[in-house]
Amino acid sequence: MSAPNDIILFHYSYSPYARRVTWYLTLRGIEYAQCIQPPVLPRNDLTALGVNYRRIPVMSIGRDIYCDTRLILQKLEERFPNGGLGARKDDEKAIERLLEKWTVETPLFSRAAALIPTSLPAMKDPKFTKDREDFSGRPWSKDALERGRPESVAYMRSCFDLLETTLLADGRDWILKTVKPSLADIEAIWPFDWLVEMKGSMPASVVSEKQFPKVYAWIQRFRAALRAAKSTGPTPVSLKGAEAVKLIVSSEFAEPNGGVDANDPLGLKEGMEVEIYPTDSGFTHRDRGRLVTLTAREVTVALRSRVGDKEMRIHVPRTGFRVTKVGGGPTGSSML
Ligand SMILES: N[C@@H](CCC(=O)N[C@@H](CS)C(=O)NCC(=O)O)C(=O)O
């Protein structure tokens, strides 16, 4: 077994974040391997690689491990520049990046997630709810979820409205008036597609095809484009955990280190022992290693895999993650 293009995506199929990446790969026809993960911890395959980060998806290219879809999509755009889906003009790039920030970095997705019907089997499974308590750092309560629902419906309605009355208002097929879906469509569509697919997430009297015909039609077009790309494109190679781990630890690095910016506001130095972790959720799962890259857009630490004792490099985006020097010091604490 091998991984086409050395890419292995660790995910589970109903992760809306993972779909951002699988859709991108499908629309581009890029071959890859996948290693399906359980929806709750433990995730032994990632642990074997030395990865503590607990969110999904994670992508490896050789011994470089990329966390967070913002960084994963950027890396794929750079690694496969011919036929990339990213915008070319500055104002279009701005729309694309602002859409990424809107859907990934604002409360939008947690509002969407608050609309998961509490009648879904997973929501009644104590293993799942306990796992998500640990993830969010907040106690799980069906009553609190039900009480918060009307506010979240109102929040999401305003998001549907924004798309209906601005970006899609003139009847265009795709956000940047492209002939096919572009990265801007992926950046925008994923939470909306997820909610529309999830029966019972929103009352039809408030959010439906009737109130938001352009958003619903855009979602249908996007799904059709994906179906078409899937029917002609490559099927991902499925790897078992042990196979994926073996392939990764015996491969090379995909890219050189990016260096540590001497001007970075944190004042950290190359080679320092640091911890990296997300600031919004899953923050108790930290990766500790030697700082090898610190730039305006990325942080990378080198650590060793548990299986095979090989150096691995864990990459995360520069924003939405905290980097702290092990043992304290100037960056060892924060109020946030
Ligand atoms: N900002 C992250 C968010 C990823 C995220 O929150 N993923 C969800 C799955 S959709 C997750 O990891 N949930 C907890 C889990 O699966 O352990 C990204 O863009 O990749």
Side-chain angles (χ1 to χ4, degrees), residues 1-15 17-22 24-26 30-76 79-80 127 131 134-135 234-258 273-278 282 284-293 298-317 321:
M1 275 287 182
S2 67
N5 292 309
D6 283 340
I7 300 173
I8 303 179
L9 188 67
F10 294 83
H11 72 118
Y12 49 87
S13 66
Y14 56 86
S15 157
Y17 277 100
R19 288 177 187 171
R20 286 162 50 72
V21 180
T22 55
Y24 176 92
L25 291 162
T26 302
I30 297 174
E31 289 186 82
Y32 67 101
Q34 61 182 359
C35 180
I36 298 299
Q37 294 300 297
V40 294
L41 299 186
R43 297 197 177 113
N44 296 331
D45 313 329
L46 290 163
T47 308
L49 294 170
V51 177
N52 273 331
Y53 176 76
R54 70 147 292 171
R55 305 205 293 200
I56 289 294
V58 166
M59 177 182 78
S60 65
I61 305 187
R63 277 189 282 145
D64 285 283
I65 310 280
Y66 301 100
C67 304
D68 198 290
T69 56
R70 291 171 299 154
L71 188 64
I72 293 173
L73 291 172
Q74 262 177 42
K75 293 283 175 183
L76 288 170
R79 204 168 165 89
F80 302 94
K127 236 166 93 190
D131 181 85
D134 169 50
F135 177 61
T235 306
V237 171
S238 284
L239 295 175
K240 295 226 165 61
E243 285 171 329
V245 170
K246 199 168 150 202
L247 272 177
I248 292 170
V249 297
S250 57
S251 54
E252 297 301 320
F253 289 111
E255 57 170 305
N257 284 326
E273 179 89 345
V274 296
E275 275 187 342
I276 49 175
Y277 53 96
T284 55
H285 294 259
R286 305 177 172 192
D287 288 291
R288 180 186 283 209
R290 190 164 45 82
L291 184 66
V292 293
T293 302
E298 174 178 346
V299 189
T300 308
V301 298
L303 46 78
R304 301 205 75 82
S305 61
R306 293 223 189 151
V307 167
D309 190 31
K310 284 293 191 66
E311 180 170 307
M312 309 293 298
R313 294 185 191 147
I314 317 279
H315 304 244
V316 302
F321 280 76

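This chain uses plain numbering: 1 for the first residue, then up along the sequence. Heavy-atom basis, side chains included; hydrogens, waters and symmetry copies ignored.
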query: Looking only at heavy atoms, what is the nearest atom pair of Ser238 and Glu243, with distance?
result: O-OE1, 4.4 Å
query: Can Arg43 be said to sit on top of Phe10's aromatic six-ring, NZ or CZ under 6.0 Å from centre and within 45° of the ring axis?
result: no
task: Using the side-chain contact (heavy atoms from CB on, under 4.5 Å) rule, take His11 and Tyr17 through it: C-alpha gap first, then chi angles, then the decisive distance, then the call.
output: CA-CA 9 Å; His11 72 118; Tyr17 277 100; over 6 Å; no
query: Side chains of Val299 and Leu291: closer than 4.5 Å at any heavy-atom pair?
result: yes
message: Nearest 0.5 Å, please: how far is CE in Met1 from NZ in Lys240?
response: 8.0 Å
- prompt: Hey, is the main chain of Thr293 close enough, under 3.5 Å, to the side chain of Thr300 for a donor-acceptor pair?
  reply: no
Test: Lys75 and Asp64 ion pair at under 4.0 Å: no
- line: Heavy atoms of Ile8 and Cys35 approach each other most closely as CG2-CB, 4.0 Å
task: Calculate, to the nearest 0.5 Å, the distance between atoms CG and CD1 belonging to Asp6 and Ile61 respectively.
output: 8.0 Å
- prompt: Mind checking whether Ile314 and Tyr53 have side chains closer than 4.5 Å, heavy atoms only?
  reply: no
message: A side-chain contact here means heavy atoms from C-beta on lying under 4.5 Å apart; do Thr69 and Pro57 qualify?
response: yes
message: Tell me if a side-chain donor or acceptor on Arg313 pairs with a main-chain N or O of Ala302 at a distance below 3.5 Å.
response: no
task: Answer whether the closest heavy-atom distance between the side chains of Pro278 and Phe321 falls below 4.5 Å.
output: yes
- prompt: Going by heavy atoms in the side chains, are Tyr277 and Val316 under 4.5 Å from each other?
  reply: no
query: To the nearest 0.5 Å, what is the distance between CD1 (Ile56) and CG (Leu46)?
result: 6.0 Å
message: Looking at every non-hydrogen atom in both residues, tell me the closest pair between Ile65 and Ser60 and how far apart they are.
response: CD1-CB, 3.8 Å
- request: List for me each residue that meets salt bridge (Lys or Arg N to Asp or Glu O under 4.0 Å) alongside Glu275, sequence neighbours excluded, and say none if there are none.
  value: Arg286, Arg288
Exercise: identify the closest heavy-atom pair between Pro38 and Tyr12: O-CD2, 3.9 Å
query: For Lys310, does the NZ atom sit with more than 12 other heavy atoms under 6.0 Å from it, leaving out its own atoms?
result: yes
field: Shortest non-hydrogen contact between Val237 and Ser2, atoms and distance
entry: CG1-O, 4.0 Å
field: Nearest non-hydrogen partners of Arg19 and Ser13, listed with the distance
entry: NE-O, 3.4 Å
message: Let me confirm one number: the OH-OG1 distance from Tyr32 to Thr26, rounded to the nearest 0.5 Å.
response: 5.0 Å
message: Treating Asn5 as the side-chain partner and Glu31 as the backbone partner, does any N or O pair qualify as donor plus acceptor under 3.5 Å?
response: yes
message: What I'd like to find out is whether the side chain of Leu303 reaches to under 4.5 Å of the side chain of Glu311, using heavy atoms alone.
response: no
- prompt: Hey, what do you get for CD1 (Ile276) to NE2 (His315), rounding to the nearest 0.5 Å?
  reply: 9.5 Å
message: Walk me through whether Arg54 and Asp134 qualify under side-chain contact (heavy atoms from CB on, under 4.5 Å).
response: CA-CA 10 Å; Arg54 70 147 292 171; Asp134 169 50; 3.6 Å; yes
- request: Output the distance between atom CD (Glu252) and atom CZ (Arg63), rounded to the nearest 0.5 Å.
  value: 6.0 Å
- prompt: Any side-chain heavy-atom pair from Pro42 and Thr47 closer than 4.5 angstrom?
  reply: no
- request: Using a 4.5 Å cut-off on heavy atoms from C-beta on, say whether the side chain of Val21 contacts that of Leu76.
  value: yes
